[in-house]
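Sequence positions, counted from 1, serve as the residue numbers for this chain. Just so it is clear, the values below take in all heavy atoms, side chains as well, and ignore hydrogens, waters and symmetry mates.
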Amino acid sequence: MTAAISVAEEEISVEAVRRSRWEPLIFGPPDRPRWERPGLLALLIVTAVVYLWGLGGAGWTNPYYAAAVQSGTQSWKALLFASLDPQNAITVDKPPAAMWVMALSGRVFGFNSWSMLAPEALMGVAAVGLLFATVRRWAGPAAGLLAGTVLAVTPVAAMMFRYDNPDALLTLVLVGAAYCTVRAVDEPGARWWSAGTGWLVGAGLLMGLGFLTKMMQAFLVLPGLALVVLVAGAGGILSRITKLATAGAALVVSAGWYVALVELWPADSRPFIGGSTSNSLWELAVDYNGLGRVFGNHGGGGHPAATPHPMAAPPADAVVASGGGGQMRGGFGGFGDSHPGVTRLFHGELATEFSWLLPAALIALVAGLWFTRRVARTDRVRAGLLLWGGWLLVTAAVLSFMSRSFHSYYSVMLAPAIAALVAIGATQLWQRRDQLAARIVLALMLVGTGAWTFALLNRTPDWLPWLRWSIVVLALAAAVMVLGRTKFRRYGLVIAGVAVFSALIGPTVYTLETVAQTQAGGSPIAGPPRSSDEQGGRDGGSADPQLDGLITGANNRWAAAAVGASQVSAIELRTGASLLAVGGFSGRDESPTLEQFQSYVADHQVGYYLVQQRKDGGRRSDTESTSAQITAWVKANFPATTMGNMEVYRLDT
């Protein structure tokens, strides 16, 4: 009997040792809630499944950037500069960091839509995890999980994390910069060179990478990050300013090396910098992708709003490339014609991209700052409100008032801040639920979210009409239960569940509908189809087997040339050939010059010249641009053959 007991005790002891080994892997350290790590793993797994679902049939999404990615898989120089063609005539109008990631994936796995888009989806999963880690440090694991969930189910985030635009990488590196800033503030060292400075240097390096992803758009979050360091960082004010200056130096190095590389590289040995007027990456950053977009006074040749050459194909953003099931949606204009002003972000369908929880985020920000008005300077909850509040308000102000080239998907930059503010505010108020004021604010957040969700869903009244009414009922029920906390004290978990469900069910269903749709073009639109959507590709995106065969058979440096990036991108993706985009994105860049093009033709470097026949008869006149001069010269000196809706001029005879 004693022996049996000893054996049993030994087995229990061995089992306890085994459990002590694997439990931390599943549940995390003993000082953390046992649900934290399983909850995070579940969130990341579900996010990965949703974001990766059906990517193989998603097509090329934005053919303009997809063509640059394809070029990067064929030429290392094209990868370095993000050239639109593998023969390096001209770059796309954005810096190359996002194309680097997608092209390297294509080199490893072979170029196709899955290898191009899978890194974008994984960036989304990483952004959700990083946001969890960032919010958790100052507001706890519940807030971290809620923030990650809100970001994951924001429609514009789910859309752009399945798209080849640079916004996926930009969102990831900016959330990473926020995480480094939080870690820097947490470090107690008051001296200039300390662990906190190291974390700020990391934030600066990531901000520099953000610049190489989408240039000055990355800097919209800088005021919020800098503010929290100045207010809540360790040490005196001089020490905090010095640390920020060090982070700024890291940012300059991280972004500046590539600018210097391009500017010092001989111009005749690299592609023309698309979108600039002077073949300068610095001009592209400051003007076309910077202050010019905000104030609307830049003259970048590749600006999408520029009047295209009458013989140019539709801009690349208007092309819808085939490559998957479902309805192809998207187009060039998107919300580019919306009027600047305080109401822009609430205009039309734009608000459905991101703003489901915006009222709750603003209420949480105001209430949180009020409740923390008397806390210490270094209080972490208020620091989080300052960080994410600064991010939200500055970014929203710039997006609201920028004068040129506004697209609805820019609102993805607001998604992390909204998610963080809602999570911090909701969890902090829930912890104060014994106070009537906290319960009133929570109820206002719920009612405001329910009402705004109803308004957003009412913009597509034929799509799930029962959903908006159900959400209103749920939101009101949750608000009543929160206000009656003394009656429902025993059912706190149920009340919290109903509240979260009522707030998230709207954007979640909208996000799932977004994922189910096949998006394409330069202005993707989240949510269900609407009558106002720009449908289908224009002629530049349709395949012509005869033309494609002609292009594939050419053995010139450039198989063909055409004005603008639209048909160039589409044909490159279909055939794998290198085409010369005359005038860059919209046909307005000064590349190549007429003399350069004539030299290319004389050297038999260009096989064919393509001119798409316009349905409007080419009524708009444009005789001053370089692309117009090249087209006129070709028409005057070479005979044309018609293939479908395309005039084809053979140049190498």
Review point. Given side chains that start at C-beta, do those of Leu284 and Met215 come closer than 4.5 Å, heavy atoms only?
Key: yes
Point to revise | Steps toward side chain to side chain contact (heavy atoms under 4.5 Å, CB included) verdict (Cys180, Leu200) | key: CA-CA 6 Å; Cys180 290; Leu200 283 179; over 6 Å; no
Check your understanding: Between Thr372 and Asp379, does any side-chain donor sit less than 3.5 Å from a side-chain acceptor?
Key -> no
Exercise for review: Assess whether side chain to side chain donor-acceptor pair (under 3.5 Å) is satisfied between Trp452 and Ser355, documenting all intermediate values.
Suggested key: CA-CA 9 Å; Trp452 184 237; Ser355 72; 3.0 Å; yes
Point to revise | Spatial distance of atom OH (Tyr510) from atom CD1 (Ile505) [nearest 0.5 Å] | key: 14.5 Å
Review point. Do other residues, nucleotides or ligands put more than 12 heavy atoms under 6.0 Å from the CZ atom of Arg377?
Key: yes
**Study point:** Trp356 and Thr449 side chains, donor-acceptor separation under 3.5 Å
**Key:** no
Review point. For Asn62, does its backbone N or O pair with a side-chain atom of Asp164 as donor and acceptor, under 3.5 Å?
Key: yes
Check your understanding: Can you find a heavy atom in the side chain of Phe401 that is under 4.5 Å from one in the side chain of Val342?
Key -> yes
Practice item. For Arg162 and Ala157, indicate whether the former's side chain and the latter's backbone hold a donor-acceptor pair under 3.5 Å. Key: no
Review point. Heavy atoms, side chains only, cut-off 4.5 Å: are Val515 and Phe161 in contact?
Key: no
Review point. Hey, does Trp463 have a side-chain heavy atom less than 4.5 Å from the side chain of Glu513?
Key: yes
Exercise for review: Kindly compute the distance separating OG1 (Thr511) from CE (Met159), expressed to the nearest 0.5 Å.
Suggested key: 10.0 Å
Exercise for review: Report yes if some heavy atom in the side chain of Leu222 is under 4.5 Å from a heavy atom in the side chain of Leu251; otherwise report no.
Suggested key: yes
Review point. Is there a donor-acceptor pair closer than 3.5 Å between any side-chain N or O of Arg459 and the backbone N or O of Thr352?
Key: no
Check your understanding: Among side-chain atoms of Tyr409 and Asn165, is any donor-acceptor pair under 3.5 angstrom?
Key -> yes
Point to revise | Short side-chain to backbone donor-acceptor contact, Tyr163 and Leu117, under 3.5 Å | key: no
Check your understanding: What is the distance from atom CG of Asn458 to atom OG1 of Thr453, rounded to the nearest 0.5 Å?
Key -> 12.0 Å
**Study point:** CG on Asp434 to CZ on Arg432, rounded to 0.5 Å
**Key:** 11.5 Å
Review point. Within the side chain of Arg468, is there an N or O that forms a donor-acceptor pair under 3.5 Å with the backbone of Gly450?
Key: no
**Study point:** Heavy-atom pair of closest approach, residues Leu385 and Ala364
**Key:** CD2-O, 4.3 Å
Exercise for review: Say whether, by atom type as modelled, one donor and one acceptor occur between the side chain of Arg344 and the main chain of Met402 under 3.5 angstrom.
Suggested key: yes
Review point. So how far is it from Leu170 CG to Tyr410 OH, rounded to the nearest 0.5 Å?
Key: 11.0 Å
Point to revise | Test log, rule side chain to side chain contact (heavy atoms under 4.5 Å, CB included), inputs Thr154 and Leu357 | key: CA-CA 9 Å; Thr154 300; Leu357 294 170; over 6 Å; no
Exercise for review: Give the minimum heavy-atom separation between Ala360 and Met445, together with the two atoms involved.
Suggested key: O-CE, 3.7 Å
Review point. Looking only at heavy atoms, what is the nearest atom pair of Leu483 and Arg439, with distance?
Key: O-NE, 3.4 Å
**Study point:** Distance-only side-chain donor-acceptor flag, Asp186 / Trp138, under 3.5 Å
**Key:** yes
Point to revise | Minimum-distance pair of heavy atoms, taken over all atoms of Ala423 and Ala147 | key: CB-N, 3.5 Å
**Study point:** Intermediate values then yes/no, side chain to side chain contact (heavy atoms under 4.5 Å, CB included), Met413 and Phe354
**Key:** CA-CA 9 Å; Met413 283 196 66; Phe354 76 99; over 6 Å; no
Review point. Any side-chain heavy atom of Gln217 sitting closer than 4.5 Å to one from Val398?
Key: no
**Study point:** Check: Tyr65 and Asp93 side chains under 4.5 Å, non-hydrogen atoms
**Key:** yes
Exercise for review: Look only at the side chain of Ser411 and the backbone of Glu353, and say whether a donor-acceptor pair between them is shorter than 3.5 Å.
Suggested key: no
Review point. Side chain of Arg137, backbone of Arg183: donor and acceptor closer than 3.5 Å?
Key: no
Review point. Do Gln428 and Val381 touch side chain to side chain, with heavy atoms closer than 4.5 Å?
Key: yes
Study note, to complete from the structure: Taking every heavy atom of Ala478 against every heavy atom of Val498, the minimum-distance pair comes out as CB-CG1, 3.9 Å
Review point. Quick one: CG on Leu130 to CZ on Arg136, what's the gap to the nearest 0.5 Å?
Key: 13.5 Å
Exercise for review: List the steps and the verdict of side chain to side chain contact (heavy atoms under 4.5 Å, CB included) for Trp35 and Leu145.
Suggested key: CA-CA 11 Å; Trp35 49 262; Leu145 281 176; 3.6 Å; yes
**Study point:** Heavy-atom closest contact (Met207 atom, Ala177 atom, distance)
**Key:** SD-CB, 3.9 Å
Review point. Would you say the side-chain atoms of Ser502 pair up with the backbone N or O of Ala499, donor to acceptor, closer than 3.5 Å?
Key: yes
Practice item. Say whether, by atom type as modelled, one donor and one acceptor occur between the side chain of Ser254 and the main chain of Leu205 under 3.5 angstrom. Key: yes
